[in-house]
Amino acid sequence: MILTVPVKGYFEENCYFYIDDNTRHGFIIDPGAQADILIKIISENSFVIDKIILTHCHFDHFGAANELRAKLNCPILAHEKADLFLLDPIMNLSRQCVGDLVIKDTVKFTDGDIISLNSSTNCSLQVIFAPGHTPDSVLLYNEKDNIAFVGDTIFKGSIGNYTFPGGNKKILIQSIMEKVFALPNNTIIYSGHSEPTTVGAEKRYYRLR
Ligand SMILES: [Zn+2]
């Protein structure tokens, strides 16, 4: 099951639960704020969170991650280049918005890795490196469930910002064309700041522009 929880911090952001229906173990993706609300959902639904995963490391996607890690006793996973952001409040934009936030001691993944639950092959997520919004941005893809968590690479009807530190328009568009649009058209896209969409729908939109 996928549960979308819009969390409100300095920005509103979509946090996602991706949970195995059989075992109720799962992942929490991009817990950007409001740890208390997320913990309540976990306890009310008897979820067991095996891993916290970050699509990229702007503060509005990880703002609740430290508190969740401490309460849930599970690791935080991020791309191998993520420390550039996680350890630097200017790069992760927290200093400019809410005051310095950093996250230490994360577990790193790289392009092509499969992130799995501790005791089930359900809900496994393939890491697809998709830089441009940031140099540590990834898509998290499950072929069987036909879904991709895309962070801020692409939204319903628009594309990610490429003007923040480390952003690059040319590389972002290349990631969208070669990584997002390489997925099957019926793949449901779950982004950080919009309603869900599909790869096919965004291809049509993109051509119209
Ligand atoms: Zn971002």
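Remember, predicted model here, so these are calculated numbers, not experimental data. Just so you know, ligand 1 is whichever comes first in the structure, and atom 1 is the first atom listed for that ligand.
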Joining Ile, Leu, Val, Met, Phe, Trp and Tyr whenever any side-chain heavy atoms lie under 4.5 Å apart, the cluster holding V138 also takes in I2, Y16, Y18, F27, I29, I53, L77, V107, F109, I115, L117, L125, V127, F129, L140, I147, F149, I188, Y190

Sorted by chain and residue number, the side-chain hydrogen bond (donor to acceptor under 3.5 Å, both in side chains) partners of T134 (sequence neighbours excluded) come out as D136, S137

Starting from the Zn ion (ligand 1), look over the N/O/S atoms of D152 and name the nearest one. OD2

More than 12 heavy atoms of other groups within 6.0 Å of E143 CD: no

Have a look at H58 and say which of its N, O or S atoms is nearest the Zn ion (ligand 1). ND1

For the residue pair T55 and D30, confirm or rule out a side-chain donor-acceptor distance under 3.5 Å. yes

Have a look at the Zn ion (ligand 1) and estimate, to 10 degrees, the angle subtended by NE2 (H133) and NE2 (H56). 100°

